Protein chains: 2
Amino acid sequence: MAKPPKENSPITEHLAYLLAQANREINRQLEMRLSKEGVPVEQWRILKVLSDGNGHSMGELADAVLLNHPTLTKMIDRMVSDTLVYRVQDPKDRRKVLMYVSDRGKALSRRLNSLAVSQEEHIVESYGDKSTNELKRLLESLIGSAN
Amino acid sequence: MAKPPKENSPITEHLAYLLAQANREINRQLEMRLSKEGVPVEQWRILKVLSDGNGHSMGELADAVLLNHPTLTKMIDRMVSDTLVYRVQDPKDRRKVLMYVSDRGKALSRRLNSLAVSQEEHIVESYGDKSTNELKRLLESLIGSAN
DNA sequence: CGCCAATCCTTGAATATTCAATATTCTCAA
DNA sequence: TTGAGAATATTGAATATTCAAGGATTGGCG
């Protein structure tokens with residue numbers, strides 16, 4: 001039974017460590033799948049978020065895809081070079097830049113998404129449907145309570 | 001009820017995303033606490049693992065603290081400069097380098113550990129004892145099934 | 001024994017991220 | 001209306017990480 005860790009308990013009993021370890025492992029697996037398309041996990045996230053077709057500001061997007069602002073700016077620079085996305089200045093508020101996905105980006109997004117879905121199906125197979133759903137529920141709740 | 005995500009479901013329903021988000025948030029909180037001592041989370045992990053007093057090879061350590069080998073080597077370089085840890089060539093197998101924690105490192109490790117424990121207590125307070133334990137159990141099991 | 005592949009760690013170059021500072025635009029109150 | 005301060009995004013320098021290659025040692029097989 002897991003208890004709140006004491007000073008001398010092993011690091012593997014810390015929630016922060018378990019989260020890091022699980023994230024690292026699952027992320028590595030996803031990365032392997034996405035490498036078929038030659039893009040990092042973050043670009044999948046970006047394309048997926050933008051695929052609703054609405055313009056998203058850089059700030060919104062940075063929050064949504066879990067990247068710091070300058071990191072996102074530079075990654076978007078690369079994606080613009082690859083003609084996956086494009087910038088439009090927001091006419092309502094010209095401090096903002098709205099990001100949109102191009103047709104090429106949409107097509108890539110579909111392929112990436114199918115790889116990501118297949119990964120999750122693979123996890124569900126070995127880990128179980130019930131556990132997966134329960135874990136997701138708990139993570140959502142943790143995230144909610146952490147803000 | 002969480003289902004295996006479909007092609008068009010939002011990214012927030014992907015396990016990989018929820019893990020990344022939760023990890024980012026908890027890690028950020030921990031980082032804030034540890035900043036009192038001016039060390040990154042990874043150094044807490046390193047010191048904690050080494051605090052059993054046994055020598056750990058770089059390979060072992062890299063796995064345990066979730067860092068790639070070259071990254072660990074360079075971080076250990078810094079910690080050696082700070083006289084927190086030291087290297088000893090393994091006499092049984094001279095390809096290996098065994099890492100040990102210094103007295104200064106031990107003292108720092110105790111202070112860091114107390115900060116980390118207090119963070120987890122804080123999480124338990126707002127998130128609940130039951131949820132925390134259940135989440136840990138599920139994460140352990142996910143990690144186990146992912147290997 | 002002697003050699004060759006495997007293991008272990010480190011290095012240097014290429015790449016990516018972060019921090020602090022900057023430019024632009026907007027908000028709002030005096 | 002205008003000017004100070006807040007919000008937004010980007011840039012450049014400093015820092016950190018990663019990738020590919022290398023050096024040292026070991027293990028084991030012919």
Side-chain angles (χ1 to χ4, degrees), chain A residues 20-21 23-25 27-32 34-35 38-46 49-50 54-82 84-100, chain B residues 20-21 23-25 27-32 34-35 38-46 49-50 54-82 84-100:
Chain A
Q21 191 181 6
N23 178 51
R24 182 179 161 92
E25 186 55 42
N27 204 60
R28 200 203 309 272
Q29 286 180 9
L30 181 55
E31 190 176 49
M32 292 257 307
L34 300 190
S35 73
V39 300
V41 173
E42 288 79 11
Q43 292 198 15
W44 166 60
R45 293 195 200 130
I46 292 170
V49 168
L50 295 185
N54 302 326
H56 293 262
S57 75
M58 291 295 282
E60 260 177 42
L61 194 52
D63 288 347
V65 304
L66 315 176
L67 289 178
N68 299 335
H69 288 217
T71 304
L72 178 63
T73 292
K74 283 153 190 168
M75 182 162 289
I76 289 288
D77 287 347
R78 287 169 235 149
M79 294 176 78
V80 168
S81 298
D82 294 342
L84 296 170
V85 299
Y86 57 94
R87 293 177 160 99
V88 176
Q89 197 180 43
D90 185 343
K92 313 280 189 202
D93 182 343
R94 289 179 341 222
R95 289 171 301 182
K96 294 187 183 175
V97 171
L98 298 181
M99 297 305 311
Y100 292 92
Chain B
Q21 191 181 6
N23 178 52
R24 183 179 161 92
E25 187 54 44
N27 204 61
R28 199 201 312 270
Q29 287 180 9
L30 181 54
E31 189 177 49
M32 292 257 307
L34 300 190
S35 73
V39 300
V41 174
E42 289 77 13
Q43 292 198 14
W44 166 60
R45 293 195 200 131
I46 292 170
V49 169
L50 294 186
N54 302 326
H56 292 262
S57 76
M58 291 295 281
E60 260 177 43
L61 194 53
D63 288 348
V65 305
L66 314 175
L67 289 177
N68 299 334
H69 288 215
T71 304
L72 178 62
T73 291
K74 283 152 190 169
M75 183 162 288
I76 288 289
D77 286 348
R78 286 170 238 147
M79 295 176 77
V80 168
S81 298
D82 295 342
L84 296 171
V85 299
Y86 57 95
R87 292 177 161 100
V88 176
Q89 197 180 41
D90 186 342
K92 313 280 189 202
D93 181 343
R94 289 176 341 213
R95 289 170 303 182
K96 294 187 182 175
V97 171
L98 298 181
M99 297 305 312
Y100 292 91

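Keep in mind that what you see is a predicted model, and the values were worked out from it rather than measured. Letters A, B, ... mirror the listed sequences (proteins, then strands); counts begin at 1.
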What is the distance from CD of A/Q89 to C1' of C/dT25, rounded to the nearest Å? 9 Å
Integer-rounded Å distance: C/dC26 C1' and A/K92 NZ: 15 Å
Could you check which residues of residues 63-76 of chain A get a heavy atom under 4.0 Å from DNA chain C? Sort them by number, please. A/N68, A/P70, A/T71, A/K74
d(B/M99 CE, B/N54 CG) to nearest 0.5 Å is 14.0 Å
A/L66 backbone acceptor or donor facing A/R45 side chain under 3.5 Å: no
So, A/R87 side chain and A/V97 main chain: donor-acceptor pair closer than 3.5 Å or not? no
Judged by each residue's nearest nucleotide on DNA chain D, which is more toward the 5′ side, B/D90 or A/H56? A/H56
Hey, which of these two, A/R95 or A/E42, hits DNA chain C nearer its 5' end, going by closest nucleotide? A/E42
So which atom in B/G55 and which in B/E60 form the shortest heavy-atom distance, rounded to 0.1 Å? O-OE1, 4.4 Å
Would you tell me if any nitrogen or oxygen in the side chain of A/R94 comes within less than 4.0 Å of OP1 or OP2 on C/dC26? yes
Would you give the length of the straight line joining atom CG of A/L84 to atom CZ of A/R78, rounded to the nearest 0.5 angstrom? 12.0 Å
First contact, last contact: which nucleotides of DNA chain D are these for chain B, 5' to 3', heavy-atom distance under 4.0 Å? D/dT17 to D/dT26
Contact between B/L50 and B/H56 at the side-chain level, heavy atoms closer than 4.5 Å - yes or no? yes
Using atom CE of B/M99 as one end and atom C1' of C/dC9 as the other, report the distance to the nearest whole Å. 12 Å
Checking B/N68 side chain against B/P70 main chain: does a donor-acceptor pair fall under 3.5 Å? no
Which pair of heavy atoms, one from A/I46 and one from A/I76, lies closest together, and at what distance? CG2-CD1, 4.1 Å
